[in-house]
Amino acid sequence: MIAPRWRTWHGPLVICAVAMAALMSVSAVGLVVDGRTVMGEGVWLKPFKFAASFSLYALTLAWMISQVKRWRRTLWWLGTVTVALFVLPEISAITFQAVRGVRSHFNFATTLDKSVFTVMGGAAYLGWALTLALGIFLVMQRRVNRAMAWAIPLGVAISLAGMSVGYLMTAPTPEQAQALAGGAKLITIGAHTVGALDGGPGMPLLGWATGGGDLRVAHFVGLHALQALPLIALWVRRVPLVLVAAFGYAGLTGLLVWQAQRGQALIHPDATTLLAAGALLAVVAVATAVLRRSPVRSETPGQNTFVEPTQRRREPAGQH
């Protein structure tokens, strides 16, 4: 069946998801009782957002690993390493800086701040590689529920693209690059805002910039393809529709990167952005309408996503 019992799920990832949910609760309390701010945001907002994202990430991987039969031990090991070397170092560094009341990302103010950001960067690179490895082993499974079996690796691929957007933020801005070339020692290298300074006006709760482009939008949307595409596959249960959804989701992620790189806030799209978004929506809508009219057999609900290859049953001699 598509949703196995909880006892078959990857234990360390499930525990990680529960721990992240607990950190969300602590961070929520911190946002209420701790009045300190960093870059115009409460110091506990970043741990809250990252804990929420990591909780979904860990729970999704725990479910995906429970669906496989081939390479199960390898995937189990990769899931455990992902918790130990990606999630825990990343969230620990972010929470540590929140407790100190200083910025976690792009912070080179002191040797300690630089070391903390280096740990975060190393964990992020390792997390990308581990997610890629998990995706490869998931692709190598024998397919039964074909819609879900397509949705999972495509979700992983788009999620990896979303993760990669984070690396764009670590590059020096043009102004920072110029200062570094002149021999200046900067306390901040990198930014998530394009065309404005970090810490400016932002959207409620999410904090995405409203005065310039914000790469975090595409980072967030792309990253959560890991959850979105399997949920779509549960709904549509047809491979062509899953492929259209993946195309649309990838196109949306790319559109958001393009919009941010042009220094344009999410809530202030120009005519070019609206035209591109309309074209993408039209292509997805037309393709979906055509495919829904076609007599393609849907997947049988309740099938496992992946199964171990088995030998074909031999027919008794003389039977045809």
Check whether any side-chain heavy atom of [X] sits under 4.5 Å from a side-chain heavy atom of [Y], and report yes or no.
{"X": "Trp76", "Y": "Pro12", "result": "yes"}
{"X": "Val165", "Y": "Val257", "result": "yes"}
{"X": "Val38", "Y": "Lys46", "result": "no"}
{"X": "Arg100", "Y": "Asp113", "result": "yes"}
{"X": "Leu229", "Y": "Ile232", "result": "yes"}
{"X": "Leu180", "Y": "Leu186", "result": "yes"}
{"X": "Val32", "Y": "Trp44", "result": "no"}
{"X": "Leu45", "Y": "Leu205", "result": "yes"}

Ignoring hydrogens and angles, tell me if any N or O in the side chain of [X] forms a donor-acceptor pair with the backbone of [Y] under 3.5 Å.
{"X": "Thr131", "Y": "Gly127", "answer": "yes"}
{"X": "Thr170", "Y": "Tyr167", "answer": "yes"}
{"X": "Gln97", "Y": "Val116", "answer": "no"}
{"X": "Ser53", "Y": "Lys49", "answer": "no"}
{"X": "Gln264", "Y": "Gly212", "answer": "no"}

Hey, what's the ring geometry for Tyr57 with Phe86, parallel, tilted or perpendicular (30° and 60° as the breaks)? perpendicular
Using the ring of each side chain (for Trp, its six-membered ring), is Phe50 parallel, tilted or perpendicular to His105, with breaks at 30° and 60°? tilted
Before giving the answer on side-chain contact (heavy atoms from CB on, under 4.5 Å), spell out for Thr193 and Leu197 the whole-Å C-alpha distance, their side-chain angles and the decisive distance to 0.1 Å. CA-CA 6 Å; Thr193 308; Leu197 295 176; over 6 Å; no
Provide the closest heavy-atom pair for [X] versus [Y] in the form atom of the first, atom of the second, distance.
{"X": "Gln176", "Y": "Gly190", "result": "OE1-N, 2.7 Å"}
{"X": "Ala62", "Y": "Val14", "result": "CB-CG2, 3.9 Å"}
{"X": "Ala260", "Y": "Val194", "result": "O-CB, 3.3 Å"}
{"X": "Ala84", "Y": "Pro89", "result": "O-CD, 3.3 Å"}
{"X": "Gly222", "Y": "Tyr249", "result": "CA-CE2, 4.2 Å"}
{"X": "Ala218", "Y": "Leu256", "result": "CB-CB, 3.7 Å"}

Could you give the distance from [atom1] ([X]) to [atom2] ([Y]), rounded to the nearest 0.5 Å?
{"X": "Cys16", "Y": "Leu61", "atom1": "SG", "atom2": "CG", "answer": "9.5 Å"}
{"X": "Met163", "Y": "His219", "atom1": "CE", "atom2": "NE2", "answer": "8.0 Å"}
{"X": "Trp235", "Y": "Leu241", "atom1": "CH2", "atom2": "CG", "answer": "9.0 Å"}
{"X": "His192", "Y": "Asp198", "atom1": "NE2", "atom2": "CG", "answer": "3.5 Å"}
{"X": "Leu234", "Y": "Met148", "atom1": "CG", "atom2": "CE", "answer": "3.5 Å"}
{"X": "Thr37", "Y": "Leu31", "atom1": "OG1", "atom2": "CG", "answer": "11.5 Å"}

side-chain contact (heavy atoms from CB on, under 4.5 Å) for Leu168 and Gln261? Distances and angles first, verdict last. CA-CA 10 Å; Leu168 297 177; Gln261 289 284 55; 4.0 Å; yes
Applying side-chain contact (heavy atoms from CB on, under 4.5 Å) to Arg103 and Thr188, what does each step give before you reach the verdict? CA-CA 10 Å; Arg103 190 177 188 182; Thr188 301; 3.5 Å; yes
Taking atom CD1 as the centre, does Ile187 end up with more than 12 heavy-atom neighbours from other residues, nucleotides or ligands that are less than 6.0 angstrom away? no
Could you tell me whether Gln178 atom CD has more than 12 heavy atoms of other residues or ligands within 6.0 Å of it? no
Assess Arg262 against Trp258: is NZ or CZ under 6.0 Å from the centre of the six-membered ring, and within 45 degrees of the ring's axis? yes
Identified side-chain contact (heavy atoms from CB on, under 4.5 Å) partner of Phe247 from the options Leu154, Leu280, Leu252: Leu280
List the residues meeting ring-ring contact (aromatic ring centres under 6.0 Å, His included) with Phe48, not counting sequence neighbours, and say none if there are none. none
